[in-house]
Every structure is written in C-alpha cells, then in structure tokens.
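Taking it in order: structure first as structure tokens, then the write-up.
Whatever order the structure lists them in is the order used to number ligands and atoms, beginning at 1. What you see below is based on every heavy atom in this structure, not just the backbone, and it leaves out hydrogens, waters and symmetry mates. Throughout, numbering of the chain's residues begins at 1 and tracks the sequence.
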Amino acid sequence: MAVDTTETLKTIAEKSGMYIGTCANLQAIENDAAYVANITRHFNLVTPENALKFRVLCPERGEYNFEAVDKLVAFTAAHNMQFRGHVLVWNDQLPHWLLNGNFSRNELASILVNHIETVVGRYAGKIPVWDVVNESVDELGHFKKTFWYNTLGPAYIEMAFEAAHRADPAARLFYNDYGVEGTYEHENGVYRLLQSLTYHHIPVHGVGYQMHLSLEHTDRKIIGSLNTQRLADMGLECNITELDVRMRTGEGRFPQQYEAQAALYADIARNYILEKGCNTLILWGFTDRYSWIPFFYPGEGAATIMTEQYTPKPAFFSLLEELKKKI
Ligand code: G3I
C-alpha cells in the first residue's frame, strides 16, 4: 500500500527544482504494485541498480540485451521521472568474455569505446545524465589497478568521457565514487583527476558521491566535510548518488537505531542539498525489501528509508523535513 502522507518527497523536492531519486530493478516494478505506488509517489528520478552493468547488458560478445533498460526508460518517461544512466565503466560486473579475452591495448580501447557509443547512442535524448566512470581512485588517492587501468592506464577515463560525449553531446557526464568522504587523500585524488580532465577539456560535468554509510562506522563529523566548492569553481556539479545507511540487524536492534539513522540521512541532506547546493539526491533503494545490503554485508541491513512493508521510518521523515527547508 502507498505511504499515506499528504506531502511526498517528490512534491517537496520539486518545489525547489530538485531531483530526488532511487535505484530500481525492473523485477520489482513488474511484480510489486506497492513498490510502483511508492516509487512513483516519492521520486522524480530513477537509475537502474544493475540493468546497465556491462555483464548484464552484454553477457556474450556483440550480443546486447536492452529489454530491461528499454522498459525502465519507458516506465520513467510515463511517470515524468528523469532516468539516470548507471554505469558505463566500472571494474565490477564485467562479462566473462571480456575478463578472459586477453585483449591487446588497441582491442580493449576499441571494446570500451564501442560499448559506450552503442549504449549511450541508443538512448541519446532519453538518458540525459550518465555515471560514466565509477570508482577509479583509491583511499590513498591513487588510481585503482583495475581491469581497464591495467591495460589502458588512466587514459581509459578520458576515452570513456569522450566516447559518451560523442554519442550524446547533450548528456551530462559524471565521475562517480564511494568512500570519498572517508579520507582526505581519496578526496584529493578525485579532485586531481577532475582537475586534469577539465584542464584537458575532457567533457565531464560533475562528481557523484555514492555515500554508502554505516551506522557503526560513519563519523557524523566527516559527513559534510567534502569540499564541493573547489569542484564548483571548475564548473562541476555535485550529486549524492547512492545514499543508504546500514546497521546491524540483530534481534530488537532496529527500532532503537532508527533515530540515529534518521540523523545521518538528515545530515547528508542538510550538508549537500541545503548548504552546498547539490540539486540531486539519489537513494540506493528506498525499501528494505530489495536492498543490496544483507546480501553483501551479512548481519547488516535496514539501510533504507522504508521497511520491507513500505512503512516509512524516521529517516523518511527526517529527509522530508530537510527537503522542506530548501523551499
Ligand atoms: O540475482 C542473482 C541471484 O539469482 C544469484 O543467486 C546471486 C548469486 O551470486 O546473484 C544475484 O545477483 C546479484 C545482484 O546484485 C542482485 O542482487 C549479483 O551477484 C551481484 O553482483 C549484484 O550486486 C550488485 C552490485 O552493485 C554489483 O554490480 C548490487 O545489486 C548493486 O546494488 C551494487 O550497486 C553498486 C553500484 O552499482 C556502484 N556503487 C556501489 C553499489 C553497491 O555495491
């Protein structure tokens, strides 16, 4: 059943021209009416949790399966939601044919560019924003030694943004990363990367901060510490792209922890939406029913703003209250 509040996250966000989003999976949209009722009620942006990952789209070389993305794009268009493309270049969810192909530098560069041109080109005019490159910098500020880096070096990043721009010159292109708020070295590494890209006139428009937070390990003092101003000074936008706040889920634990979770959600909204002027806040799921957390962090969960039964938690209301302050 849809949440019974007269004010929704979406109606409040839209009053200040904001995007409030969530990742989503087609399976839930096709099979769960309550999921559809809530996602359309509270969000004006959707990004696919997995449907655009390389391995999901192209499990066999040259054979693309666009059906799920086509349906998700149609769903968002029918509900006046923005569709954010996630993600073109990452080290995870790569197809086996690619990982095991022993490709030369030239072959790999051409695979990367063809993939991006194929995918972005297909949705040109329909997907206005893309997470182009994900998670290239480590917590010490160095380039991660990833599949793409190991053969192409850091040039893969420029190649990716240029290919995306060629395929859809109007699309807004983002570098996306996690844990950037964790160390100054990581934040500075991302800054140096963006500085170099903009210096070389590579088409990049913003940085996405994922913000997968943990109640146990996140220091509230560092939440708002990211220096988005120096990115803005280079003409770059800042988005929060994958917010969730996980907690340990032993018996009887979650209600007591919900207030602390609500405070962290509010911290993010206050710091990045109200104070730093980010206009896009995306949750990595809005209901515990489909959250990725229990699968990846056994013993943890309850990371989203609604329970598995779609009951809004204190985090839902704290987020709503912060968004209202922007109006
Ligand atoms: O659905 C299958 C299931 O049938 C199978 O039994 C099981 C065994 O491996 O796998 C299930 O698929 C998993 C899928 O999530 C569905 O939950 C995949 O293995 C697993 O790799 C996939 O994980 C996704 C992960 O990215 C890796 O692509 C998560 O759903 C997704 O939430 C997560 O999202 C990432 C962002 O894209 C980038 N930032 C970090 C974020 C969290 O890791």
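- Nearest protein neighbour of atom 24 (C) of ligand 1, counting heavy atoms only, is Asn50 OD1, 3.3 Å.
- The closest protein non-hydrogen atom to atom 33 (C) of ligand 1 is Lys53 NZ, 3.8 Å.
- For atom 5 (C) of ligand 1, no protein non-hydrogen atom is found at a distance below 4.0 Å.
- Ring geometry for Tyr272 versus Tyr209: interplanar angle of 30 to 60°, hence tilted.
- Proximity of the aromatic rings of Tyr290 and Tyr35 is defined here by a centroid distance below 6.0 angstrom, and this criterion is met.
- Numbered from 1 in the order shown, with element, the atoms of ligand 1 that lie under 4.0 Å from a heavy atom of Asp92 read 27 (C).
- The closest side-chain donor-acceptor pair between Trp90 and Glu135 falls under 3.5 angstrom.
- Contact annotation: for Asn176 versus ligand 1, there are no heavy atoms closer than 4.0 Å.
- Within a 4.0 Å radius of atom 1 (O) of ligand 1, the protein contributes no non-hydrogen atoms.
- Close contacts between ligand 1 and Trp292 involve ligand atoms 32 (O), 42 (C), 43 (O) [criterion: under 4.0 Å to a heavy atom].
- For Tyr178, no heavy-atom contact with ligand 1 is shorter than 4.0 Å.
- Taking the six-membered ring where tryptophan is involved, the planes of His205 and His165 are tilted, since the angle between them lies from 30° to 60°.
- Ring pair Phe286/His42: centre-to-centre distance not below 6.0 Å.
- The closest non-hydrogen atom to atom 23 (O) of ligand 1, taken over Trp90, Phe296, Phe295, Tyr297, comes from Phe296.
- Remark: atom 43 (O) of ligand 1 lies closer than 4.0 Å to at least one protein heavy atom.
- The side-chain contact (heavy atoms from CB on, under 4.5 Å) test with Leu319 is passed by exactly one of Leu243, Ile12, Ile273, Leu281: Leu281.
- A salt bridge is absent between Asp138 and Lys145; no separation between the charged side-chain nitrogens and carboxylate oxygens falls under 4.0 Å.
- Using a 4.0 Å cut-off to heavy atoms of Glu135, the atoms of ligand 1 that qualify are 38 (C), 39 (N), 40 (C).
- The protein non-hydrogen atom at the shortest distance from atom 39 (N) of ligand 1 is Glu242 OE1, 2.7 Å.
- The aromatic ring centroids of His142 and Tyr149 lie 6.0 Å or more from each other.
- A donor and an acceptor atom, one from each side chain of Asn65 and Glu63, are nowhere located under 3.5 Å apart.
- Within the listing of ligand 1, atoms 36 (C), 37 (O), 38 (C) sit less than 4.0 angstrom from a heavy atom of His86.
- Between Gln93, Gln27, Gln210, Glu49, it is Gln93 that holds the heavy atom closest to atom 27 (C) of ligand 1.
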Next item on the list: With ring pair (Phe, Tyr, Trp, His ring centres under 6.0 Å) as the test, would you mind laying out the steps for His79 and Phe43 before giving the verdict?
Entry: CA-CA 10 Å; His79 294 282; Phe43 299 95; over 10 Å; no
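- Ligand-side atoms of ligand 1 in range of Asn134: 38 (C), range being under 4.0 angstrom from any heavy atom.
- For atom 34 (O) of ligand 1, the closest non-hydrogen atom on the protein side is Trp284 NE1, 3.3 Å.
- Between the side chains of Tyr265 and Asp267, not a single donor N or O lies within less than 3.5 Å of an accepting N or O.
- Counting only heavy atoms, the protein never gets under 4.0 Å from atom 12 (O) of ligand 1.
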